[in-house]
Every structure is written in C-alpha cells, then in structure tokens.
Amino acid sequence: MKYVLSFNLNGLPVDTLVKATDTLLDVLREKLNVVSPKRGCDNGDCGACTVLVNGEPVRACLTIGLTVAGKNVQTVEGLQQDGKLHPLQRAFHEHYAAQCGFCTPGMLIAAKALLDKNPKPTREQIVEGISGNLCRCGTYVEVVEAIQAVAAGKYKE
Amino acid sequence: MAEYVGQPVLRYDGIGHVTARTRYVDDIQLPGMLYIKVLTSPVHKGIIRHLDTSAAERMPGVAGVITAKDVPGKNAYGLIPDQPVFTPEHIRYKGERIAAVAAVDEDTAMEALEKIKLDIEEQEPVFDPFKAMEPGAPLVRPEGNVWEFNSGKTRKIRFGDVEKGFAEADVIVEGTYTTATNDHAPMEPQVSVAYIDETDRLAIYTVSQDLYFHLGMLTAIFNLPMNKIRYIGGTVGGGFGSKNDIHCDHVAGLMALKIRKPVKYRLTRREETAYTTKRGPWTFYFKDGVKKDGRIIARYVKTVHDTGGYAGMGPYVVDKNSILVAGPYAIPNVWVDGICVFTNKPPASSMRGFGIINGTAADQLQTARVAEAIGKDPWEVHFINAWREGDLGATQFKVEAAGLIEAMKRAAELAGIELPAHLKAMSSRGR
Amino acid sequence: MKDVLYFAPTELTEALKLLAQYGEKATILAGGTDLVPRINYYELKPEVLVYIGNLGLDYIEQSDGKLIIGAATPTAKIAASPLVAEKAAALAEAARLSASPAIRTAGTIGGNLANASPAADLATPLIALGATVVLVSAKGEREVAVEEFFKGPGETVLQPGELIKEVRVPIKKGKSVFLKLGRRKAMTLSVVNVAVYVEMEKGQRCVDARVALGAMAPVPLRCKKAEGVLQGCVLPMSALEGAEFLDKARIEKAAELAIAESSPIDDQRATAWYRRKAGKVLVARALAAAAGVAI
C-alpha cells in the first residue's frame, strides 16, 4: 500500500509515493535524493537530520512522511538564494564551524530556526538553540561564534 | 607558499560542507541498488549446528543471500587477520555476522532475515578478562584466552632493576586503575556501497580511514588482484578510529560479486554501538618505589587489556600502551608486563590514541597518589621526574626535543595556577 | 512487510470512528518523537496509523478556572506560553527543560503522557498541580486524574479506541516548582525530576502541598506521606497558629518521606542509590522554593 504525498520542498511542489511508515528522512533521502539531512541515528538523538516544517525545526527521522502533506519543508538545499550563500553558510565556512561536515546541515537548520525567531540571541540562547545537535568533532565553539557573527550583522549582503 | 604561512586558510571542503554538496557514502544512490541486512548472532558464544537460508532466498524482493560459503578468498581480516567476515561455525561474541541478505529495501531484507533457520548450540561465555585467564575458564579461542606475543604471554618492557629500586626506595606506592569500553560514535554510521563497474571491476565506495590497509585485506577476502578493485574513499563523516577497521566493505563487496548488482550496506546506530569494534577496557596495576624528595626510582606496571572475541588491533594497542604506560618520566628502573585477553565481547581495536591515553589516565592517577604518599604537590612530582633532553625512556630510546616541563608551565599558567619559583626555574634542557 | 494503513482525519468524530473500527490494531500518532524510533528499529510494527495532528487539538485556553491544553499541543508551545508560565509555572519549566528545540516542536503533551515513561517530564508537574486528562472514545468521554492515569512503564488506563483529548489544569493560588536532574543540560531524560505545589495561607501557613517524583518508580509518583507532614505547618516567624514549624528540618523530613515512598531502579542513566540521594535534595530544594523557606 503506497500513498501519494504532496508537499512543498524548498519552495517547489513535489509528489511522491510513500509507505505509511516512511519517515520524512526516508522520503527526502531515499525517494527524492535530497541528502542534506543526514541519517545519524534514526532515533532523534543526533540532530543531523533537522529540517524545517512550516518554519519549525523538526527531526526528519522522527517525522512520519505523510504528516507533512501540504506543508512547507526546508532543507539546506534551499538555503542559497539566487546562487548566493546564506549568511549562516558563509559564517560557518569562515569560522571553521564544520570539520567532518556530517552534523553541519542539521546545525545550519537549527541555527536558522533560532535566528528566524530571535535575530539577536544571547550566547546562552544560541547554545540552547543548538542543544539538540551533536558534533562528534567538537566544533561547538566555532558554531556558536559563527551564529554570533551572523546575529551581529557581519554577514549582511 | 609564503602567502599561506601565518595566514588562516579556509578549508578546501568548507563550501561543500555548508552547502551539503559534500557526498558521503550513504548519500550515494545507484540505479537498481539493493539493500543489505545482516543476520548476527543472538548469543555471546556458541557453535552453529545448522544454517538454512533457502526460505529467505525464495522470498519475493530478495536478490541474494550470502554466508561463509560465499567467501571466494580468505574468510579472515584484521591487522591480525583472525576475524571471519561470516563465521562458519564458532560464535565468539553477540552480534557476530552469520549471513547477509540483499533485498529491494531494508524492510524486506529484515523480513528475509527472520526466514533464515539458524540452530546454535549455545555455550557458556566469559566476559571478565581476569576470569578468562583462570584455569578451566571457557575457551574463547581454541589456542587459549591469552594472546601470544613474540615475547610470550606478556609484552615485556625491562629497564634497569626494579627490585633493586624498590629496595632503595623510601616509600612503596601501589594502585589499581580501570578504564571502561568506549564506542567511537562518529556522526556518520558505518556504510558501504558496492557494484560491478563498466570494466567488470568491483567498485566500492568506502568510509575507510585507511584505504590501502583495507584494500590489502579485501583482495585476500575477494581473491581478486588489486587492479580488479576500485576502492573509492576520501569523504568520512568522522571516524575516531572506528573506520580503521572494516565493518561493511567486505559484506557489500561479497554481495555485489555474487549478485552482480549495486548494493548498499549500512549499520544502524544501534547495530554500530552494539556490535562494532570498541576501545577495549583496561586494568592497570602500578607499584612505585619513591624517594622522599619525590623521585620515582622504580615503577612496575602490569596491564590487562580485554580485546574481546578477536584480536582486532588489541595486541598492537597493548604494544603501544606498554611502551608508554610508565609515563614521560626519567625512571631508572622499569618493568612492564602487558597482557591481552580474549573474552566473548565485540573485538577491541583502534580508537584515538591506541591505548596510550588509557595508560596516561592510569599513570596520572598513580603519580598523583605518589605525591600524596610523600606529602608533596603533584606538580612537584611531575616536574622532578619529567623527561629532560637526552634522558632514556624505558625502551631505551633517547628523548629528543623534550618539552614536557615547558608544556606543564604553560598549562599551569592557562589554568591560573601559580607555580613555586623553583619549579618555574626548571627546564627540559637539564636537571 | 504487511501494508500499513495511514489515516489523517480532520474531525475528532472521524478519528474516534477509526479508532473504534480498528481497535487494538490502531496506533495513535501525534508528534512521533517516542513512537517513530520504535518503528524505525522494528520494535513496533504498526498495522494502522491514525495521525491526530489535524484534529485541532492544538490549543491552550483558560476556561472555568482551569487551563485547558489540547492533547496535540507541542511542548514548545507550552514552554513559550505566557499563560502557562503564569498559571502553571512548574509545567512551563518542565516543558522548557525537556529534550531539545526540534523535539519540543514535534512532541506533544498528550504523547508525553500516553507514552507513559516513568521519567515523562510533563507528568510530574501535572500531578503536582492536580491536573486531569479527558479521554474520549466513540462511546463517550471520561475524566481521569493524571496521577491515576499511569499503570506501569508504557502502560496507561487508555482503552483501545480511546484518545486523550485534552489536559485540564486547575488554576490555584499556590506556587509550583519543577526541578530536573539529567545526565547533561539538554537532550536528556530525567535521572530524577520533582514537581511540587505549595499553597501558603497569608504566605505563612501551608494549606495545600503536593509532591510528585519522576523516574523514581514504575510510574510518575505522587508522594502523599511527604505532603501530609507539610499540611498545616507554619513558618517559624509566623503569628499564625500551626501544628509544626515549616522549616529546614520539616522540609528535609518531607523529602525523606518522599524518597521512602519511591522505588527507583538501576539503569544506564543512574543507580537507584544515586537517584535516592539526588531525589531527596531536589524535593527539598523544590519545596523550599515553593514555600519560601531558606534551606
């Protein structure tokens, strides 16, 4: 039994056939080849699959795909506008906030979710904002600095 | 070159990471790719009496099943090649591979695994390395539970005369220290993609941290010359030593060779945590002969490393630990016995530091205990005993470019600790 | 694999009809944060998924002296609600400290209760505040006290065909406090958590006290013996008459009794020994903060 799932992905409509138990992570990675959300644990622990659903950060691995029907899903593939890097992307790059890079997409989405709601967060709020995203390389300090730089307006157009 | 020296250089792969264009192995999808799941042992120790995969093979959606019989070359791998890809008979740890299924998706492969008939004669396992060394303990290995080094059942470091040192000491300080099992937990789980390429070579996308080392082992397993294997690596989502061992490439490669179709084999986080190689647990016993002024003049260390069901890099880890466990100190009399023991647990292997940091943890605790025993500040004991330029280590290597005293001074400064003047006056350049 | 059916009804009556039709075969899906890992790891093989995120059960309202929270309200919304912060401080704090941002946006209050983890963060404040859950089925509606909702780890009084519709929290005059100890600050289950509610007459005499412990028993636990020794006690400097002084010693006595009522276990997060030690400290701190007593 397959269901048709229709939703908006990074501003464009998509339709795909899914099983009831397919997670949003399965849908994005395996069906649509949108691979920025990473499969790190399938358990909601690591945060590497964090995406935005209607602007809210969620774990793609904990979200049953069919529940996003009709909603807007944003991933790192949709961060760039007109070919230009998003300020967070530039800041992460220039602050060495990615080492192996596997946690980076989830970190970027968590950071975007935070700044969209709270453009001038305190350091503590930034730490809280990425508290669900693990980085085994230990780039937390650089990630926080990159987000602080964006919040301080250093990466405006 | 000059334009880079002293300048921050942005990562060449940084843009790839922040745009998610970096392609990790699990991001690769090939047309018609099948998914592998592996049947692992549900028991810690036993003998496979019967294995029947026919019902799984007949299941719709299943493309192939492989077992130990499908290994064309040597069914063994590792730095010390003692671990089978699929165990043909003996089970030495829970989670040991028995058979693999390739199917249209992982759900189907999981269902097929349930159709494999497996009859295991369960045996009594042993988990504690000290119990494993006792006479009459269940045998993890037919040759015995203690690894044979070229120096016998212990890795021996002998320097000076420890008994003489103990006789001359003012105080004897003893201590036993243990460290636990660790999992590497890289963000990217173990994964492999294999297919037969357009020139009939076996191509494998790997997360290996050690391509040529692994390629050598794979040629033996597949019974293929190196030029028939395209081993494609380079992008690793964290390894921390876990990807110094093969976890998926052998299974994926064997399956691709048998069914001639692209396959992906990836471990779930739970499979990886439960069944893959670990930093093995250690027990350290120290006995130091100490002078009242703080000089350690004799150090005896006995270490027991639990390497699990297979050698992995365990004996190598014991080698490295034995060389350095006595610490960065000019101790004239040193005796180290390093023992590597098999138990019914997942194999211990490489993880950041290969046993050295475990030894350092023990050595630092023991040295603090030495300081306590003679009523001195631990800094004092560290400074007095630290290697100076030209000192001899316990393996008789000459210390060159010594810098421990300078490093300790800087560490104290950063920690906001004011060292006494006589320690500040010390230098690695002389005693 | 057997085909799994999926339904996403938009009306409560429609959902209840589906639950009645499929009975034990139906698995209710809300935020999925507890349910989906079990599906991912084949621990749970659902036959019918009924998604309740489109039923309009996402609301926080004040009505008839009660705070009414829809079962599908995400934890993040509870943590951010000024109304909850004002009327049910312990619940707001528990929501704020639970999991991490991307879990809080998905996980719901109804799911946190229905999952029936002994460590469920939202359960203890609801017990301390005297909250009830409204359970609905095709047959009708019933209201159950949160403290009577749990039967064991993963087990509740919910019957097949029944759904949590909302949580009702009485708005009271006293002060509620929630404290949590985890292995780390965020993204962690409780090693132990404590919620208390204390009402002080004229700020001086305890007229109502409720104590709830999480991760200390097979279910989130109300500690009635501990509550009993606080009833009627007065602050040492009070002009009011009271049976006993509500002071450091009394609060420690209550904490001791609370721990004596509990039955913690050893697990990967902590030993029972540690849970008792830490739990006692947390109960005392929470009571002291709620009663305005220095300890």
Side-chain angles (χ1 to χ4, degrees), chain A residues 19 21-22 25-26 29-49 61 75-80 83-109 111 133-139 142 146, chain B residues 8-31 33-35 61 104-108 110-111 182-191 193 207 209 234-243 264 266-274 351-352:
Chain A
K19 287 196 278 197
T21 50
D22 285 339
L25 187 62
D26 297 332
R29 290 185 58 85
E30 320 292 341
K31 316 260 170 205
L32 300 172
N33 210 14
V34 171
V35 292
S36 73
K38 301 299 178 202
R39 194 185 293 278
C41 69
D42 265 332
N43 205 44
D45 290 322
C46 79
C49 69
C61 77
T75 66
V76 168
E77 282 84 352
L79 277 186
Q80 278 167 274
K84 268 197 251 155
L85 292 181
H86 186 278
L88 278 166
Q89 291 177 307
R90 281 195 286 148
F92 268 55
H93 178 46
E94 289 175 18
H95 284 80
Y96 306 89
Q99 188 170 310
C100 84
F102 203 80
C103 74
T104 309
M107 283 283 187
L108 284 165
I109 295 294
N133 295 70
L134 301 181
C135 168
R136 181 65 172 83
C137 305
T139 59
E142 290 78 5
Chain B
V9 180
L10 290 174
R11 296 181 62 100
Y12 77 99
D13 55 0
I15 294 290
H17 288 352
V18 300
T19 55
R21 288 207 304 266
T22 302
R23 279 292 171 270
Y24 299 89
V25 174
D26 193 34
D27 299 339
I28 294 163
Q29 269 196 55
L30 300 174
M33 191 171 79
L34 300 156
Y35 291 82
V104 287
D105 56 29
E106 282 166 324
D107 288 353
T108 309
M110 283 296 286
E111 222 175 306
N182 295 162
D183 185 65
H184 315 75
M187 297 299 291
E188 175 200 41
Q190 310 294 333
V191 53
V193 170
V207 296
Q209 285 177 253
T235 306
V236 179
F240 312 101
S242 69
K243 290 162 185 171
K264 177 181 280 186
R266 58 185 171 195
L267 298 186
T268 64
R269 177 62 60 189
R270 292 186 195 175
E271 286 167 342
E272 171 149 2
T273 308
M351 178 171 174
R352 309 200 82 172

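These numbers come from a predicted model, not from an experiment.
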Region of B:Thr268 that comes under 4.5 Å of a non-hydrogen atom in chain A
neither

Contact origin within B:Gln29 toward chain A - heavy atom pairs under 4.5 Å:
side chain

side-chain hydrogen bond (donor to acceptor under 3.5 Å, both in side chains) partners of B:Thr235, counting only residues at least two apart:
none

Tell me every residue that passes side-chain hydrogen bond (donor to acceptor under 3.5 Å, both in side chains) with B:His184, counting only those two or more places apart in sequence or in another chain.
none

Atom pair [atom1] ([X]) and [atom2] ([Y]), whose distance is rounded to the nearest 0.5 Å:
X	Y	atom1	atom2	result
B:Arg269	A:Arg39	CZ	CZ	12.5 Å
B:Met187	A:Asn133	CE	CG	8.0 Å
B:Arg21	A:Ser36	CZ	OG	12.5 Å

Can you say whether A:Leu79 sits under 4.5 Å from chain B via the side chain, the backbone, both, or neither, judging by heavy atoms?
neither

Could you walk me through whether A:Glu30 and B:Arg266 pass the salt bridge (Lys or Arg N to Asp or Glu O under 4.0 Å) check?
CA-CA 13 Å; A:Glu30 320 292 341; B:Arg266 58 185 171 195; 3.0 Å; yes

Counting heavy-atom pairs closer than 4.5 Å to chain B, which one of [options] comes out on top?
options	value
A:Glu77, A:His86, A:Gln89	A:Gln89
A:Asp45, A:Asp42, A:Asn43, A:Asn33	A:Asn43
A:Cys135, A:Ala98, A:Cys103, A:Cys137	A:Ala98

Could you tell me whether A:Arg29 and B:Asp26 have a side-chain N and a carboxylate O separated by less than 4.0 Å?
yes

Check this for me, if you would: do A:Lys19 and B:Asp105 make a salt bridge, where the nitrogen-to-carboxylate-oxygen distance has to be below 4.0 angstrom?
yes

Would you confirm whether [X], through its side chain, and [Y], through its main-chain N or O, come within 3.5 Å as a donor-acceptor pair?
X	Y	result
B:Arg11	A:Gln99	yes
B:His17	A:His93	no
B:Tyr24	A:Gly101	yes

Would you say the side chain of B:Pro8 lies within less than 4.5 Å of the side chain of A:Tyr96, judging by non-hydrogen atoms?
yes

Can you confirm whether more than 12 heavy atoms, excluding those of B:Arg23, are under 6.0 Å from its CZ atom?
yes

Report the option among B:Thr22, B:Val191, B:Val18 that has the most heavy-atom pairs separated by less than 4.5 Å from atoms of chain A.
B:Val18

What closest approach, in Å, do A:Cys100 and B:Val236 show between heavy atoms, and which atom pair accounts for it?
CB-O, 3.6 Å

